[in-house]
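This report concerns only the one structure given below.
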Amino acid sequence: MVERLSAEARRTALLRLKGWSEVSGRDAITRTFTFRDFNEAFGFMTRAALVAEKSDHHPEWRNVYKTVEVVLSTHDADGVTARDIALAEAMDRIAGA
Ligand code: H2B
C-alpha cells in the first residue's frame, strides 16, 4: 500500500509540475491538456493509457474534442501518492509539455 503524500510533499511536487493544481474539496490533482485537434488528444490518451495500464495506476479523465481533463488520485490510499506524481510526469512527457 502506498502512502498519501503530506500536504507539504504534495505542494513541493506541484511546484515542479506546471499546469497541475490541487482539486478543491478532494485529495487529488488535476490538469486540463489542450491539443490541436481530437486526433492529438486521443493519441495522447492512447499513449497515456498504455503507461497507466503498465504501472497499474489509472487516471480519471474526460475528453471533449481537443481537451483532456485529467484528475489523479490513488483510490486505494484515498489521496495523492507518489504514483500520481509519476503518472502526471509521464503525461506531461507524452504531451510534450
Ligand atoms: N488507479 C488509481 N488511480 N488508484 C488506485 O488505487 C488503483 C488504480 N488501484 N488502478 C489499482 C488499479 C488496483 O485497483 C488494482 C487491483 O491493482
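Both ligands and their constituent atoms are indexed starting at 1 by order of listing. These numbers come from a predicted model, not from an experiment.
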How long is the straight-line distance from CD1 of I94 back to CD of E89, given to the nearest 0.5 Å?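 So the CD of E89 and the CD1 of I94 are separated by 12.0 Å.
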Determine yes or no for a side-chain-to-main-chain donor-acceptor pair under 3.5 angstrom, with N63 supplying the side chain and Y65 the backbone.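 Side chain of N63 to backbone of Y65, a donor-acceptor pair under 3.5 Å: yes, one is there.
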Spell out, as yes or no, whether a donor-acceptor pair under 3.5 Å connects the side chain of T81 to the backbone of V2.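 Absent.
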Once salt bridge (charged side-chain N to carboxylate O under 4.0 Å, His left out) is applied, what residue pairs with a partner in residues 32-47 remain, sequence neighbours excluded?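 Qualifying pairs: R36-E40.
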Could you pull out all residues at least two apart from F44 that satisfy ring pair (Phe, Tyr, Trp, His ring centres under 6.0 Å)?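 F44 satisfies ring pair (Phe, Tyr, Trp, His ring centres under 6.0 Å) with F33, F35 only.
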Under the ring pair (Phe, Tyr, Trp, His ring centres under 6.0 Å) test, residues paired with F38 that sit two or more places apart: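 Scan of F38 (ring pair (Phe, Tyr, Trp, His ring centres under 6.0 Å), adjacent residues dropped) gives F42.
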Identify, chain by chain and in numerical order, each protein residue with a heavy atom under 4.0 Å from an atom of ligand 1.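 The answer is D56, H57, H58, S73, T74, H75, D76, counting any residue whose heavy atom sits under 4.0 Å from ligand 1.
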